[in-house]
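Numbering starts at 1 and runs along the sequence shown.
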Amino acid sequence: MLNIPIPIDTTKLTFVCVSAPRPRLLDKDTGEVKVDKQGQTVFQVGLSVSENDSGRVELINVNVSGDPGLAVGQVVEPSGLVGFAWQQTRGGETRWGISYRAVSFASVAVPAAA
């Protein structure tokens, strides 16, 4: 399977941090942490994503280089968000999905309730 990034249009989506950033592990047994090509630790952030028009909600994990310093409940805007299709076979069972990566995150100001 080719590893081609799929750009994601975030203009009609709202993102809320639901899981604090944590280093992405390559091996849970050894605790080996994933690093990018520049040697920065890759962090994984859990986000709730809702479509502004339909109200549909999904939970996704997004990888980003360096600690983005986000807090649970914070509304954010991912910059350079892309998805990568993946597939793996283990024990004769094939699994597939989409993994997500962002260049960075910006905090979004939430209007006060009236």
Side-chain angles (χ1 to χ4, degrees):
M1 179 170 282
L2 295 175
N3 200 13
I4 300 171
I6 304 163
I8 298 172
D9 179 6
T10 61
T11 57
K12 294 184 179 182
L13 302 172
T14 299
F15 299 86
V16 178
C17 179
V18 295
S19 175
R22 61 189 180 282
R24 172 90 193 262
L25 296 180
L26 284 177
D27 188 328
K28 292 178 184 177
D29 295 331
T30 66
E32 182 182 2
V33 174
K34 182 176 177 110
V35 294
D36 66 12
K37 294 176 184 175
Q38 289 73 38
Q40 281 192 303
T41 299
V42 175
F43 282 76
Q44 187 173 57
V45 180
L47 298 177
S48 167
V49 183
S50 63
E51 290 182 275
N52 298 341
D53 294 338
S54 70
R56 180 180 170 178
V57 176
E58 296 285 336
L59 297 175
I60 64 172
N61 286 313
V62 178
N63 294 318
V64 62
S65 293
D67 187 348
L70 303 178
V72 172
Q74 186 175 3
V75 179
V76 297
E77 176 66 34
S79 174
L81 183 63
V82 294
F84 294 91
W86 59 268
Q87 179 178 323
Q88 69 180 190
T89 302
R90 284 190 183 169
E93 184 178 330
T94 301
R95 297 177 43 191
W96 64 272
I98 306 282
S99 63
Y100 298 93
R101 182 159 181 85
V103 173
S104 63
F105 291 93
S107 184
V108 174
V110 179

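- Residues F15 and V103 do not share a hydrophobic cluster, clusters being chains of Ile/Leu/Val/Met/Phe/Trp/Tyr side chains in contact below 4.5 Å.
- Residue L70 comes nearest to V45 through the heavy atom pair CD1-CG1, 3.9 Å, listed as atom of the first residue, atom of the second, then distance.
- Between S48 and V57, the shortest heavy-atom contact is OG-CG1, 3.6 Å.
- No donor-acceptor contact under 3.5 angstrom links the side chains of D67 and T41, judged on distance only.
- Taking each heavy atom of Q74 and G69 in turn, the nearest pair found is OE1-O, 4.3 Å.
- Residues satisfying the side chain to side chain contact (heavy atoms under 4.5 Å, CB included) test with R56, not counting sequence neighbours, are E51, S54, E58.
- Residue N61 comes nearest to Q44 through the heavy atom pair CB-NE2, 3.5 Å, listed as atom of the first residue, atom of the second, then distance.
- Clustering ILVMFWY residues whenever any of their side-chain heavy atoms sit less than 4.5 angstrom apart, transitively, puts V108 in a cluster other than the one holding F105.
- A side chain to side chain donor-acceptor pair (under 3.5 Å) check over residues 26-40, counting only residues at least two apart or in different chains, returns the pairs D36-S65.
- Tracing side-chain contacts under 4.5 Å through hydrophobic residues (I, L, V, M, F, W, Y), one never reaches Y100 starting from V16; they form parts of separate clusters.
- The side chain to side chain contact (heavy atoms under 4.5 Å, CB included) with V18 is formed by just one residue from the set L47, L59, V49; it is L59.
- The side chain to side chain contact (heavy atoms under 4.5 Å, CB included) test applied to S99 returns F84, W86, not counting sequence neighbours.
- Taking each heavy atom of F43 and P68 in turn, the nearest pair found is CB-CD, 4.1 Å.
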